[in-house]
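Some notes on the structure that comes next.
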Amino acid sequence: MTTQQFQRAAALVCAMERLRLTDERAKGMAPFSIGLWVGNEVTPGTRSDARFALERLQKAARPREANQFQVESCPWCLGSLVPESKSHRPQDYGMKLAGHDVVFYCLDASCPFNEELPLAVVDQVLYEEPPTILLATVDKFARLQFRPEAGRLLGIGTMFEQPSMIIQDELHLLSGPLGTTAALFDAVVQLLLSRSGTSPKIVASTATIRASEEQVAGLYGREVALYPPSGLDGDRTFFSRPVESGEGRLYVGIMPQSVSQPSAVISAATPLLELPQVLLNTSRDAYWTLVMYHNSLRELGRSGTLVVDDVNGRLETRADRLGLPMRPVRAGQVLELTSRRGAEELPNDLRALRTRVDKGEDAVDVVLSSNMLSVGIDIPRLALMLMVGQPKTTAEYIQATSRVGRSETKGVIVALFRSSRARDRSHFETFRGYHEALYRSVEPTSVTPWSLSSRDRSLAGALVALMRQSFSPLAAYDAAGCFDLDDDRLREAVDRVVEKFLGYVTRADPVEAEETREAIRHLLGEWDHRAALAREAGEPLYYERRPGKDQRALLKKFGQPGEGWLVADSMRSVEPNVAVEVQEPLEEVHRG
């Protein structure tokens, strides 16, 4: 989802950059750019990583499967930036080395971005040159506690104004453990962005949410203003209106009795795969690819075997009996869309799903998907789905089934219920009423960022991020020992920051405000104590243990028996992520 959004938003940034260069009214404006800030398993973290990724891309036999830059085509002219097969000509790749940086450019000489595209995906480059628009995943903001330079993305220590707007897509996903953990760092980000005196505007979008006031209060400590507001006609808004014909997605419910689940899957999938042979018109491509949605990877693995073996056998006998052309399911065209797919494989999977059956023989026959499909995958040509079992929540059911029928072709969703499950039976018995008022059944979500268990797990990390980003003397990797509450100026500044931070706690969950205050006081006191011990010993205090030369230096310096280092992980302990010298054998510390 993030990759698709990055491609769309990049087209907007390219248009803005074109206006800046061609419109007289935009003269003197700073260049527009867009950055992608996600995990380093997806994009390179440093310039050296980017150079290695470029070399790997140019040496790969199938470059599109080795593209770690998440940029496949020019956002402006949609020209491909990566060849289908290996090329010995570097100019056939839309990435090149310019000095120490890897830059993107369009291969089409007539494209206005033939020299350079305003895109950045390398973390180190993003920190040094913050982009106009930054696309990031919420978990990435936890890096603020480990990377002081990441604060530059929030305008800290730069000549640019701080970001004034946060756009949160798919708000309903920020619930449960993810929303609980993200909310602590959201409070840190909001506080850091409010240093100029104004709070950032937060625009959150979602299609499936209930009790949004409680969820937004827990996440951001703010009130909700629904947009667009209700008008005279509840069915019509700025974004939507009823279909005049009344047509839409077709939901079909099946609940076989006294039949095993594998047999039911075979019987349900076979006629759906025959649809393209019956619909010999423009809808053939839309119904060619069958999406099979599963609630667990175990069920998904079982379906993969059934589709290739048993379903093919059933298709052959039915083709003879019904007089239809035989359409086998090809093992090479069965695509798995789950979390087991690597970051480099997902762009190739999405490209395969976009392949039309009338454009060649590489169109996907069957997609075996988990709930990954429900979080923003947008392939307009898909229109056929088999739900193998009812999802755990109505919100997931709505999100998953909305992935098909997104174009002019109406979607068909067949829900295969299990008679042995009470919830499936209930939904089948009230099938029509349930689907006519589907959004009424959406469950409320919950976030509890300031509860005891959440504080134990994440408060220390959020507090370290807040201190390192707020006070430049504490930012360096080995500057944890500079934390000294006996310094009146530092203590007063820390108290002011903590009070502002507690303001978000009070607005989000007043009941937990006092206990959160005590927890913060304890953490700061522990940090101050450890820093004092380190200063007395005349040794530096580190925020984290880093592999490589830092670890070798510690072994060299403290290799004698009876000496060692203790490192507390801020994401797993209530203690700050700092290190102090302790009188324990080094082997014991490593074993711990």
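We use all heavy atoms of the structure for the numbers below, so side chains are in, but hydrogens, waters and symmetry mates are not. Keep in mind the model is a prediction, meaning the values are calculated, not measured.
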If we ignore angles and hydrogens, is there a donor and acceptor under 3.5 Å between the side chains of [X] and [Y]?
X	Y	answer
T206	H172	yes
Y293	E396	yes
R302	Q261	no
S80	E72	no
R340	S370	no
Q68	T43	no
Y439	T394	no
D169	S205	yes
D123	N40	yes

Do [X] and [Y] touch side chain to side chain, with heavy atoms closer than 4.5 Å?
X	Y	value
R20	P31	yes
D285	R381	yes
F32	T132	yes
L315	L273	yes
W37	T137	no
V334	L368	yes
L384	V291	no
R249	R406	yes

Quiz prompt | side-chain hydrogen bond (donor to acceptor under 3.5 Å, both in side chains) between T401 and Y251, intermediate numbers included | solution = CA-CA 9 Å; T401 56; Y251 287 83; 3.0 Å; yes

Please check this pair: side chain of [X] against backbone of [Y], looking for a donor-acceptor N/O pair closer than 3.5 Å.
X	Y	answer
D92	S87	no
K410	G248	no
R18	F113	no
R423	K392	yes
N67	F69	yes
T180	G176	yes
R210	E443	no
N114	C106	yes
Q190	Y220	yes
Q91	L107	no

Please indicate whether [X] has more than 12 foreign heavy atoms, meaning atoms of other residues, nucleotides or ligands, lying under 6.0 Å from its [atom1].
X	atom1	value
R354	CZ	yes
E213	CD	yes
K96	NZ	yes

Practice problem: May I ask you to check whether F431 and H427 place their ring centres under 6.0 Å from each other? | Solution: no

Atom pair [atom1] ([X]) and [atom2] ([Y]), whose distance is rounded to the nearest 0.5 Å:
X	Y	atom1	atom2	answer
S369	L300	OG	CG	7.0 Å
N371	T393	CG	OG1	9.5 Å
Y93	L81	OH	CG	12.5 Å
S164	K201	OG	NZ	9.5 Å
T270	E316	OG1	CD	12.5 Å
T338	D349	OG1	CG	9.0 Å

Practice problem: Please report the C-alpha distance between R222 and D186 in whole Å, then the side-chain angles of each, then the deciding distance to 0.1 Å, and finally whether the salt bridge (Lys or Arg N to Asp or Glu O under 4.0 Å) criterion is met. | Solution: CA-CA 12 Å; R222 296 195 182 190; D186 273 326; over 6 Å; no

Quiz item: How far apart are the C-alpha atoms of V216 and L171, what are their side-chain angles, what is the distance that settles it, and do they pass the side-chain contact (heavy atoms from CB on, under 4.5 Å) test?
Solution: CA-CA 9 Å; V216 171; L171 180 67; 4.1 Å; yes

Exercise. Under the side-chain contact (heavy atoms from CB on, under 4.5 Å) rule, what do T208 and Q399 come out as? Steps first, then yes or no, please.
Key: CA-CA 8 Å; T208 51; Q399 291 286 339; 3.1 Å; yes

Please find the pair of heavy atoms, one from [X] and one from [Y], that lie closest to each other, and give the distance.
X	Y	value
A61	P63	O-CD, 3.4 Å
P276	L272	CD-O, 4.0 Å
Y397	P391	CD1-CD, 3.7 Å

Quiz item: What residue among R284, R321, R314, R318 forms salt bridge (Lys or Arg N to Asp or Glu O under 4.0 Å) with E274?
Solution: R318

Quiz item: Could you go step by step and tell me if E436 and R432 meet the salt bridge (Lys or Arg N to Asp or Glu O under 4.0 Å) rule?
Solution: CA-CA 6 Å; E436 286 180 344; R432 187 180 184 90; 3.1 Å; yes

Practice problem: May I ask you to establish whether R327 and W288 are in a cation-pi arrangement, using a distance under 6.0 Å from NZ or CZ to the six-membered ring centre and at most 45° from the ring axis? | Solution: yes

Quiz item: F428 and I254: side-chain contact (heavy atoms from CB on, under 4.5 Å), yes or no, with the steps?
Solution: CA-CA 8 Å; F428 179 76; I254 302 175; 5.8 Å; no

Quiz item: So does R418 pair up with D424, basic N to acidic O under 4.0 Å?
Solution: no

Exercise. Run the numbers on S303 and H294 for side-chain hydrogen bond (donor to acceptor under 3.5 Å, both in side chains), then give the verdict.
Key: CA-CA 9 Å; S303 295; H294 301 80; 2.8 Å; yes

